[in-house]
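Computed from a prediction, not measured in an experiment: that's the story for all the values here. Here is how names work: the chains are called A, B, and so on, in the same order as the sequence lines, proteins then strands, and each is numbered from 1.
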Amino acid sequence: MSEMKKIKNLKEFSTSADRFEGANLLCPGCAHSIIVREVLNATNDDLVLSASTGCLEVCTAVYPYTSWDASWIHIGFENGSTAVAGAEAMYKALKTKGRLKQPDRNPKFVSFAGDGASYDIGFQWISGCMERGHNIMHVVLDNEVYANTGGQRSSSTPIGSSSTTAPAGRVSYGEKKNKKDMVAIMASHNIPYAAQVAPNKWKDMVKKIQHGFAVDGPVFINAVSPCTTEWKFDPKDTMHLTDLSTDSLVFPLYEIIDGHELNITYRPKDVVPVEEYLAAQGRFKHLFKDEYKYLIKEWQERVDAQWAHLNRREEARV
Amino acid sequence: MANTGWNEFEIGAMLRTFEGKIDDIAGTLQEDRAYTQNSSFSASVADWRIEKPVFNKDFCIDCQFCWIYCPDISIISRDKKMIGVDMDHCKGCGICVEVCPTNPKSLLMFSEQADEEAELAQWPAKDKEKK
Ligand SMILES: Cc1ncc(C[n+]2csc(CCOP(=O)(O)OP(=O)(O)O)c2C)c(N)n1
Ligand code: SF4
Ligand SMILES: [Mg+2]
């Protein structure tokens with residue numbers, strides 16, 4: 001294994017030479033690129049990357065431009081994970097046969113994909129990669145919606161959110177199904193590492209990414225990615241929204257080692273009411289009408305129950 | 001390349017972002033890289049901006065919050081010091097101003113047409129209400 005990059009503090013981290021470039025076409029204030037930067041800058045090793053169709057891919061590979069200073073491939077919506085897994089399998093085979101020109105460079109294999117590409121359309125591909133034990137990391141940029149095609153609901157879209165295919169209006173409060181628990185599903189493949197991260201907690205995130213790079217086997221990372229366009233907030237407030245998401249425990253930060261050892265990695269000093277998180281976003285605006293206020297109460301109860309569940313799992317080590 | 005019709009593209013494309021060979025990209029800063037025209041680094045999104053950030057180094061404590069949270073790799077930090085904003089790649093989102101912890105802030109948003117020197121000369125004073 002190559003030496004892990006030393007990142008003691010933010011000043012030290014800021015000496016990194018980014019391998020992701022500006023003048024990409026992501027919206028101003030998009031969190032996708034903040035997440036990508038934190039992942040790529042967590043290592044100095046070579047990178048073999050993919051992106052499944054979605055905002056990140058579409059906005060960083062507009063012919064004749066690319067924003068990636070590393071080997072990067074895009075094929076389709078569903079198969080970014082298997083593209084990287086294929087490269088990793090080839091790498092392993094060449095290494096075994098002694099045919100690598102530079103056998104000690106230790107590249108890292110990372111697949112980036114949206115929630116639509118991960119929770120829905122690439123689901124079986126990712127599950128296959130996890131089950132087959134490829135030495136890859138799959139990172140979900142979780143903005144809880146198909147953002148790139150205009151905001152259709154995905155199985156990551158939470159209850160009460162208004163999307164173009166489950167809009168709030170006279171007869172409906174929007175999304176009626178609860179968000180799929182993807183981290184738990186992926187951890188159930190008994191992979192060495194699964195974690196939820198958020199770009200505001202960069203230290204927690206970098207530590208998890210480095211842990212993921214260090215283990216042998218598949219790694220699953222779910223990163224909350226506030227979307228200024230679909231969540232409907234001002235671009236300058238992306239980090240404020242991320243803070244609300246972690247501090248209201250809507251996006252709790254935790255890791256699951258070997259499918260069972262759950263550790264909560266961030267416990268907010270002052271937990272923010274879920275209502276504040278919802279109120280900061282246009283996609284939940286209608287919940288503040290009198291007839292839907294009960295949904296806000298249910299939201300809080302769901303978040304409390306999820307937090308209690310994580311705490312029980314942490315204690316019981318199951 | 002600019003005049004390629006929609007039906008004239010090759011199926012599949014491989015783009016190289018650097019001229020020649022680079023052995024250690026992660027150890028090579030942007031100013032030392034031989035970017036090709038295919039890297040989006042060679043392009044600009046400056047015309048997206050309605051407002052622009054202005055940096056006042058007098059108040060900056062080099063915390064690097066703006067560096068880590070900039071989505072557009074537009075905060076230039078070298079040797080652990082914030083030295084300025086890359087105005088070719090900044091889209092004017094304003095995140096850097098929001099996360100700047102100093103009082104007064106070391107980064108503020110102004111209209112794209114504002115005169116930087118003039119704004120620096122009349123920078124707001126410390127806000128006594130805020131801790
Ligand atoms: C097989 C297939 N179905 C549908 C599409 C159209 N499509 C392109 S991007 C996209 C949405 C991507 O959503 P997500 O994965 O959540 O990424 P985001 O844009 O939100 O980051 C869709 C539906 C496609 N390219 N391929
Ligand atoms: S629509 Fe959302 S996810 Fe897509 S580029 Fe814009 S802010 Fe980013
Ligand atoms: Mg999405």
Could you check which of B:S77, B:S42, B:S39, B:G94 has the highest count of heavy-atom pairs closer than 4.5 Å to chain A?
->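 Among B:S77, B:S42, B:S39, B:G94, the one with the most close pairs to chain A is B:S39.
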Can you tell which of B:R16, B:Q64, B:R49 has the highest number of heavy-atom pairs within less than 4.5 Å of chain A?
->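 It is B:Q64.
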What's the spacing between [X] [atom1] and [Y] [atom2] if we round to 0.5 Å?
| X | Y | atom1 | atom2 | answer |
| --- | --- | --- | --- | --- |
| A:S16 | B:L29 | OG | CG | 9.5 Å |
| B:T36 | A:Y65 | OG1 | OH | 10.0 Å |
| B:Y69 | A:N200 | OH | CG | 5.5 Å |

Is the number of heavy atoms from other residues, nucleotides or ligands under 6.0 Å of [X] [atom1] greater than 12?
| X | atom1 | result |
| --- | --- | --- |
| A:H240 | NE2 | no |
| A:D270 | CG | no |
| A:K207 | NZ | no |
| B:E31 | CD | yes |
| A:K95 | NZ | yes |

Ignoring hydrogens, what is the shortest heavy-atom contact between [X] and [Y]? Give both atom names and the distance.
| X | Y | value |
| --- | --- | --- |
| B:I68 | A:R37 | O-NH1, 3.5 Å |
| B:V45 | A:N24 | CG1-O, 4.1 Å |
| B:L15 | A:Y63 | CD2-CE1, 3.9 Å |
| B:P71 | A:S33 | O-OG, 2.6 Å |
| B:C93 | A:G29 | CB-N, 3.3 Å |
| B:K91 | A:L25 | NZ-C, 4.2 Å |

Given a strict heavy-atom distance threshold of 4.5 Å, which part of [X] is in contact with chain A: side chain, backbone, both, or neither?
| X | answer |
| --- | --- |
| B:S40 | both |
| B:W67 | both |
| B:F65 | both |
| B:S44 | backbone |
| B:C70 | both |
| B:T28 | backbone |

Which members of residues 78-89 of chain B, sorted by number, sit under 4.5 angstrom from chain A on a heavy-atom basis?
->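 So the qualifying residues are B:K80, B:H89.
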Top residue by heavy-atom pair count (under 4.5 Å) with chain B, among A:D234, A:T238, A:D69?
->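 Highest number of pairs under 4.5 Å: A:D69.
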Option that, when pairs with chain B are counted at under 4.5 Å, heavy atom only, ranks first among A:N41, A:T66, A:D18, A:N44 =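 Looking at each of A:N41, A:T66, A:D18, A:N44 in turn, A:T66 comes out on top.
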Measure A:L26 against the heavy atoms of chain B and call it side chain, backbone, both or neither at under 4.5 Å.
->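 A:L26 touches chain B through backbone and side-chain heavy atoms alike.
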Is it the backbone or the side chain of A:W72 that comes under 4.5 Å from a heavy atom of chain B, or both, or neither?
->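 Contact with chain B involves no heavy atom of A:W72 at all.
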Under 4.5 Å, heavy atom to heavy atom, which residues of residues 7-15 of chain A contact chain B?
->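 Answer by number: A:L10, A:K11, A:E12, A:F13, A:S14, A:T15.
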Are any of the side-chain nitrogens in B:R33 or A:E21 under 4.0 Å away from the carboxylate oxygens of its partner?
->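 Yes, this pair counts.
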